[in-house]
Amino acid sequence: MTSKANSRVLICGAGPVGLTAALVLCRRGVPCLILERREQLNTASKASTFHPPTLEILEELGLLNQMLQQGCLADRIQYRHVDGTVFAEFNQGILANDTRCPFRMHLEQSAITPLLLKNALDTGLAEIRFGAEVVKVGTDADGAWAELKDGSKYQGSYLIGTDGAHSVVRGSLGLSFAGEDYPGRVLRLMVRDDLNEFLPGVAGVSYLYTDDHRSISLLEMPDCWRVIIRVPDGISDETVMKPEWYSQVLEEFIPACKGRVDVIRTDIYSASKMLAETNLVGRIALAGDAVHLTNTRGGMNMNCGIHDAYILAAAIENAIQTGSHNQVQEAQQERLRVARDELLPRTDRNVVGKEEWLAYITDVAADEIKAREYLLGSSMIDISPSRMKVKDTAREGTRG
């Protein structure tokens with residue numbers, strides 16, 4: 001059995017996934033060293049949707065009340081025609097018997113990472129080193145190590161790679177990251193105006209459709225609305241970033257906004273579907289974007305990464321407590337299965353927008369039983385950590 005005093009875990013990457021792993025480990029008495037290549041936490045606008053199972057994890061970690069003060073709750077998902085007709089709406093309140101948090105929360109991930117880090121540091125068991133660029137990792141029977149660009153080297157009982165889609169940890173292990181890019185790109189507009197003014201009764205998560213089944217997505221944030229536009233192939237980034245182009249799109253989908261929308265920020269990105277060949281090599285484990293990437297519609301990938309971290313950290317603590325690495329292996333095998341068999345297929349379905357899909361959504365929304373089953377999937381409750389059976393040997397031992 002390894003002593004917790006000699007069990008420091010290395011975590012490469014200080015995003016929401018890595019910091020969740022750190023906080024879970026620290027709360028379970030395991031010290032952590034977080035290595036972050038940036039000079040500070042990432043402040044870029046990235047993922048922003050927190051689903052019910054993720055909110056339950058953050059509640060358990062003591063962060064939910066602070067998030068509620070900052071975030072924007074979305075308890076309805078709405079499908080609308082551009083003429084204003086609402087043809088399907090899901091009220092997440094029907095999940096009240098399935099989760100303590102029957103809603104989504106919209107909050108920039110850059111708002112949650114400082115909370116996670118502060119709480120981890122407050123335990124006295126976490127340490128973070130900024131400007132620590134990992135260039136190589138390795139593992140043996142006794143643990144794992146990370147070498148930095150400056151030549152320094154750190155040892156741990158385990159190493160968790162949460163360093164994103166371009167993971168150096170994954171690359172250092174020689175693991176493939178296979179998949180494909182989704183066609184086209186995504187233009188994201190941050191709009192200062194309250195879209196309720198132009199779309200009375202609009203929900204915090206809404207999809208607007210034209211007669212030919214083209215769509216845009218709307219997400220209500222604490223300080224703005226995000227408008228997501230899928231850009232057809234053949235149009236340059238330079239063109240779509242111009243107000244002349246995106247204003248025309250906005251006016252097509254939201255006619256009442258003509259000439260009246262204050263766009264405060266824009267960005268454009270591509271989406272991919274990718275999966276690592278494995279998420280565990282010896283005492284080195286991967287989680288989050290280092291393992292899986294999906295399209296952004298539905299906001300599932302970051303949530304799945306936080307679930308990865310929560311389950312992996314508990315399994316590592318159990319392994320340290322009991323001396324059985326099998327628990328980490330079992331947990332990682334199940335997380336890879338969830339990514340491969342659940343996450344990627346359902347996010348693929350989210351990008352479908354043709355007539356048969358809209359007919360399906362309309363039918364499901366009109367039936368409360370079908371609607372609840374649909375929301376269990378779209379809210380990730382059916383694949384939540386609480387529904388997974390990862391043996392918590394250390395906790396069982398303390399209860400005995």
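Any value given below was found using the heavy atoms of this structure, including those in side chains, with hydrogens, waters and symmetry copies removed.
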Close side-chain approach of Leu293 to Lys273, heavy-atom, < 4.5 Å: no

Electrostatic pair Arg28-Glu317, nearest N-O below 4.0 angstrom: yes

Check ion pair Glu373-Lys370 (N to O, under 4.0 angstrom): no

Any side-chain donor near an acceptor of the partner, Thr322 and Asn318, under 3.5 Å: no

Those residues that, when tested against Thr54, pass side chain to side chain donor-acceptor pair (under 3.5 Å) (two or more places apart): Asn303, His307

Whether Tyr374 and Tyr360 hold their rings parallel, tilted or perpendicular, with breakpoints at 30° and 60°: perpendicular

Exercise: do Arg8 and Tyr158 side chains pair donor with acceptor under 3.5 Å: no

Side-chain donor-acceptor pair present, Asp308, His292, cut-off under 3.5 Å: yes

Distance flag, aromatic centroids of Phe253 and His81, threshold under 6.0 Å: no

Heavy atoms from other residues, nucleotides or ligands near CD of Glu368 exceed 12 (cutoff 6.0 Å): no

Derivation of the side chain to side chain contact (heavy atoms under 4.5 Å, CB included) call for Asp75 and Leu73: CA-CA 6 Å; Asp75 58 5; Leu73 299 189; 6.0 Å; no

Side chain to side chain contact (heavy atoms under 4.5 Å, CB included) evaluation trace for Glu252 with Val82: CA-CA 8 Å; Glu252 178 183 9; Val82 294; 5.9 Å; no

Between Ser176 and Glu277, a side-chain donor and acceptor under 3.5 Å: yes

Side-chain donor or acceptor of Gln332 paired with backbone N/O of Leu286 under 3.5 Å: yes

Exercise: do Ser206 and Arg80 side chains pair donor with acceptor under 3.5 Å: no

Donor-acceptor pair between Gln92 and Ser379 side chains, under 3.5 angstrom: yes

Donor-acceptor under 3.5 Å (Ser157 side chain, Ser7 main chain): yes

Gln109 and Ser48 side chains, donor-acceptor separation under 3.5 Å: no

Point-to-point distance, once rounded to the nearest 0.5 Å, from CE of Met380 to NE2 of His51: 6.0 Å

Considering all heavy atoms, the nearest Ala287-Val291 contact: N-CG2, 3.6 Å

Backbone N/O of Asp262 and side chain of Asp193: donor-acceptor pair under 3.5 Å: yes

Backbone N/O of Glu197 and side chain of Asp194: donor-acceptor pair under 3.5 Å: no

Minimal non-hydrogen separation, Cys26 against Cys32, with atom names: SG-SG, 4.1 Å

Candidate pair Ser272 and Asp181, rule side chain to side chain donor-acceptor pair (under 3.5 Å), full reasoning: CA-CA 4 Å; Ser272 303; Asp181 294 332; 2.6 Å; yes

Steps toward side chain to side chain contact (heavy atoms under 4.5 Å, CB included) verdict (Met67, Leu55): CA-CA 9 Å; Met67 292 178 65; Leu55 295 172; 4.1 Å; yes

Contact summary for Trp245 and Pro232, nearest pair of heavy atoms: CZ2-CD, 4.5 Å

Step-by-step salt bridge (charged side-chain N to carboxylate O under 4.0 Å, His left out) determination, Glu60 to Arg100: CA-CA 11 Å; Glu60 179 183 323; Arg100 298 188 303 275; 5.8 Å; no

Candidate pair Leu63 and Glu59, rule side chain to side chain contact (heavy atoms under 4.5 Å, CB included), full reasoning: CA-CA 6 Å; Leu63 304 185; Glu59 178 185 40; over 6 Å; no

Heavy-atom closest contact (Pro345 atom, Ala339 atom, distance): CD-O, 4.4 Å

Heavy-atom donor-acceptor pair, Glu220 side chain to Cys72 backbone, under 3.5 Å: no

Tyr154-Glu147 side chain donor-acceptor pair, cut-off 3.5 Å: no

Rounded distance [0.5 Å steps], CD1 in Ile11 versus CG in Asp163: 12.0 Å

Qualifying residue for side-chain contact (heavy atoms from CB on, under 4.5 Å) with Leu10, from Ile284, Leu159, Ile160: Leu159

Least distance between heavy atoms, Asn196 atom then Gly201 atom: OD1-N, 3.7 Å

Main-chain N/O of Pro243 paired to Ser247 side chain as donor or acceptor, under 3.5 Å: yes

Shortest non-hydrogen contact between Arg188 and Lys46, atoms and distance: NH1-O, 3.4 Å

Thr99 side-chain N/O to Cys101 backbone N/O, donor-acceptor pair under 3.5 Å: yes

Backbone of Leu23 reached by a side-chain donor or acceptor of Asn119 within 3.5 Å: no

Backbone N/O of Gly282 and side chain of Thr139: donor-acceptor pair under 3.5 Å: no

Carboxylate-amine/guanidinium proximity below 4.0 Å for Arg346 and Asp382: yes

Candidate pair Arg283 and Asp142, rule salt bridge (charged side-chain N to carboxylate O under 4.0 Å, His left out), full reasoning: CA-CA 8 Å; Arg283 299 300 181 94; Asp142 297 323; over 6 Å; no

Pair Glu244 + Lys242: basic N to acidic O under 4.0 Å: no

Enclosure of Asn97 CG (heavy-atom neighbours >12, cutoff 6.0 Å): no

N/O donor-acceptor pair under 3.5 Å between Arg104 side chain and Ile77 backbone: no

Asn301 side chain to Asp289 side chain, donor-acceptor N/O pair below 3.5 angstrom: yes

